[in-house]
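In what follows, a structure is listed as structure tokens, so that the remarks can point back to it.
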Amino acid sequence: MIKHESKLEFCAKVMQWFEANKRDLPFRKDKDPYRVWLSEILLQQTQMGTGIKYYKKFIKKFPKIEKLAKAKEETIYSIWKGLGYYNRAKNLHKTAQEIVNNYQGVFPNDYNDLLSLPGIGKYTASAISSICFNSKRYVIDANVYRVLSRYLGINKKINQSKSYKYFENLSKELAKGIKNTGAYNEAIMDFGSMICKPKNPKCDICIIRKTCFSYINNTQEKYPLKEVVKKRKVRYFNYFVIQNENYYLIQKRYNNDIWKNLFEFYLIEDKNIQNAKNVFQSTINLHKNVISHKETIQEVSQLSHLKIHVSFHGCFIKKKRDFSLIEKLFKLKKIKKQKTKNLGFPKVIDNYLKYKT
DNA sequence: CAGTCGTGGGA
DNA sequence: TTCCCAAGACT
């Protein structure tokens, strides 16, 4: 049961709090759709501090959308490197090009037009259209799920896709009387990340705790409700860092798998490292190539949904002829060692390269 | 529509 | 160390 007075108070107080406490963020200076869009894409599933670092890099390199549209894909990947969810980088580029080519470089103000652009989903379309064009669209993000779940004691599992509609309708009902929807959206997100935090919420200074279901019933930890997470899958990547004095041999990842479009070394996926080494050696030996194994380095890459054990095996090829033979044999591409920093590699490989140089 | 996509911060 | 979590989108 939701108390009527709680609903009435909610928006007004949250916005009042926002006016006094809103953060000074670089993309809040004006309501330039390009900047708002860029920041929203970078901030998807990303903490504010991290997002801002990348926002500054991007806005410096691409002050206007035309520059972003014209950029080489590899340039974008190299700036994006380390941020994760690399499809966002590809879609960022695609949307920049669509805006320039189909919209004369001007962002559409309509929610559905925005929604049709690559990488812009319901959240981002709502954010851009409300913040920049004052549409009545409500953002439903992790903050909104958490704040509303706690404040009203909502027993819906937020990671079930059908819950989205429920929270969207709830937002409409709550914020019916709010004129500046964009400000309301920013307000509830700031409130969620600064006061109603996932852990150790600051209920002691919360201005709506008197009418908060979870404060009254001490259920802050219980909400928001979630489906139990499944165990992470485990994979084993064995990388063979084939190289000579000046070059590495690398390949690009395709297919529908992790790290799509990023670069990597020659990979053999096997739980048993020795097996992988044997397979590698026997393939090489068939072609009578001389290879000297040096060190092996092991790391574990913890992702949200899987755990990857990664091993790196340094393989030095002395003869030029052997080097190009292996290049063809494994369909690899040679790259100058100094140029690796210009390419997109997954974090574990980037760390390895930094460690080597 | 449930599964998949990364990484870093914080407890 | 290990876990949860973050201004979600796509298939």
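A note on names: the letters A, B, ... follow the listed sequences, proteins ahead of strands, and every chain is numbered from 1. Since the structure is predicted, the reported quantities are computational estimates derived from the model, not experimental observations.
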Task: Distance, C1' atom - from dC10(C) to dC1(B), rounded to whole angstrom - done: 11 Å
Task: Rounded distance in Å between the P positions of dA11(B) and dA7(C) - done: 14 Å
Open item on the list: Taking the nucleotide of DNA chain B with the nearest heavy atom to each, does S161(A) or R88(A) sit closer to the 5' end?
Closed with: S161(A)
Open item on the list: What's I258(A) touching, base or sugar-phosphate or nothing? Going by heavy atoms closer than 4.0 Å.
Closed with: sugar-phosphate
TODO: Indicate, with a heavy-atom threshold strictly under 4.0 Å, whether S39(A) touches base, sugar-phosphate, or nothing.
DONE: nothing
TODO: Round to the nearest Å and state the distance from N159(A) atom CG to dC1(B) atom C1'.
DONE: 12 Å
- [ ] Could you tell me whether A142(A) contacts a base, only the sugar-phosphate backbone, or nothing, with contacts defined as non-hydrogen atoms closer than 4.0 Å?
- [x] sugar-phosphate
Open item on the list: Taking the nucleotide of DNA chain C with the nearest heavy atom to each, does L115(A) or L43(A) sit closer to the 5' end?
Closed with: L43(A)
- [ ] Provide, to the nearest angstrom, the distance between the CE atom belonging to M48(A) and the C1' atom belonging to dA7(C).
- [x] 6 Å
- [ ] Quick one: pull up CD in E186(A) and OG in S130(A) and give me the separation to the nearest 0.5 Å.
- [x] 7.5 Å
TODO: Find the distance L83(A):CG to dG8(B):P and express it as a whole number of Å.
DONE: 9 Å
TODO: Round to a whole Å and report the spacing from CD1 of I308(A) to C1' of dC5(B).
DONE: 11 Å
Open item on the list: Within the 4.0 Å heavy-atom criterion, would you say R235(A) contacts the bases, only the backbone, or no part of the nucleic acid?
Closed with: nothing
- [ ] Check whether any side-chain nitrogen or oxygen of N143(A) sits under 4.0 Å from OP1 or OP2 of dA7(C), and answer yes or no.
- [x] yes
Task: Ionic contact status for K354(A) with D350(A), cut-off 4.0 Å - done: yes
Open item on the list: Check the orientation of Y145(A) and F167(A). Use parallel for under 30°, tilted for 30 to 60°, and perpendicular for over 60°.
Closed with: perpendicular
Open item on the list: I want to confirm an ordering. Mapping W259(A) and K162(A) to their closest nucleotides on DNA chain B, which one lands closer to the 5' end?
Closed with: K162(A)
- [ ] Report the distance from atom NZ of K90(A) to atom P of dT4(B), rounded to the nearest whole Å.
- [x] 22 Å
- [ ] Map D190(A) and N91(A) onto DNA chain C by nearest heavy atom, then report which one ends up closer to the 5' terminus.
- [x] D190(A)
Open item on the list: Regarding K122(A), tell me which of base, sugar-phosphate or nothing describes its non-hydrogen contacts under 4.0 Å with the strands shown.
Closed with: sugar-phosphate
TODO: Check whether any side-chain N or O of Y86(A) sits under 4.0 Å from OP1 or OP2 of dT7(B), and answer yes or no.
DONE: yes
Task: Distance test, side-chain N/O of W80(A) to OP1/OP2 of dC5(B), below 4.0 Å - done: no
Task: Axial cation check for F323(A) ring with K334(A), 6.0 Å and 45° limits - done: no
Open item on the list: Using OP1 and OP2 only, check whether a side-chain N or O of Q45(A) sits under 4.0 Å from dG8(C).
Closed with: yes
Open item on the list: Closest approach to the side chain of L25(A), judged atom by atom: which nucleotide of dG8(B), dG6(B), dA7(C) is it?
Closed with: dA7(C)
TODO: Mark yes or no: K337(A) above the aromatic ring of Y248(A), with NZ or CZ under 6.0 Å from the six-membered ring centre and no more than 45 degrees from the axis.
DONE: yes
Task: Nucleotide nearest Q44(A) when distance is taken to its side chain, options dA11(B), dG8(C), dA7(C) - done: dG8(C)
Open item on the list: Nearest to the side chain of P346(A), heavy atoms from C-beta on, is which of dA7(C), dT7(B), dG8(B)?
Closed with: dT7(B)
Task: Any K226(A) side-chain N or O less than 4.0 Å from OP1/OP2 of dC5(C) - done: yes
TODO: Using atom CD of Q160(A) as one end and atom P of dA2(B) as the other, report the distance to the nearest whole Å.
DONE: 7 Å
Open item on the list: Regarding L42(A), tell me which of base, sugar-phosphate or nothing describes its non-hydrogen contacts under 4.0 Å with the strands shown.
Closed with: nothing
Task: Sugar-phosphate, base or nothing in reach of F27(A), heavy atoms under 4.0 Å - done: base
Open item on the list: Using a 4.0 Å heavy-atom cut-off, does D257(A) contact any base of the nucleic acid, only the sugar-phosphate backbone, or nothing at all?
Closed with: sugar-phosphate
TODO: Report the residues that fulfil side chain to side chain donor-acceptor pair (under 3.5 Å) with Q160(A), sequence neighbours left out, ordered by chain and then residue number.
DONE: E227(A)
Open item on the list: Please report the distance separating the C1' of dG6(B) from the corresponding atom of dA6(C), rounded so that it comes out in whole Å.
Closed with: 12 Å
Open item on the list: Tell me which pairs pass salt bridge (charged side-chain N to carboxylate O under 4.0 Å, His left out) where either residue lies in residues 241-256 of chain A, with sequence neighbours left out.
Closed with: E74(A)-K252(A), R253(A)-D257(A), R253(A)-E264(A)
Open item on the list: Can you tell me which nucleotide in dG9(B), dC4(C), dA9(C) comes closest to the side chain of Y123(A)?
Closed with: dA9(C)
TODO: Taking only the side-chain heavy atoms of Y85(A) (C-beta and beyond), determine which of dA7(C), dG8(C), dC5(C) contains the nearest atom.
DONE: dG8(C)
Open item on the list: Tell me the interatomic distance from Q47(A), atom CD, to dA7(C), atom C1', rounded to whole angstroms.
Closed with: 12 Å
- [ ] Classify the ring geometry between Y184(A) and F10(A) as parallel (under 30°), tilted (30 to 60°) or perpendicular (over 60°).
- [x] perpendicular
Open item on the list: Whole angstroms only, please: what is the CG-P distance between N87(A) and dT7(B)?
Closed with: 13 Å
Open item on the list: So I52(A), base contact, sugar-phosphate only, or nothing? Heavy-atom distance under 4.0 Å.
Closed with: nothing
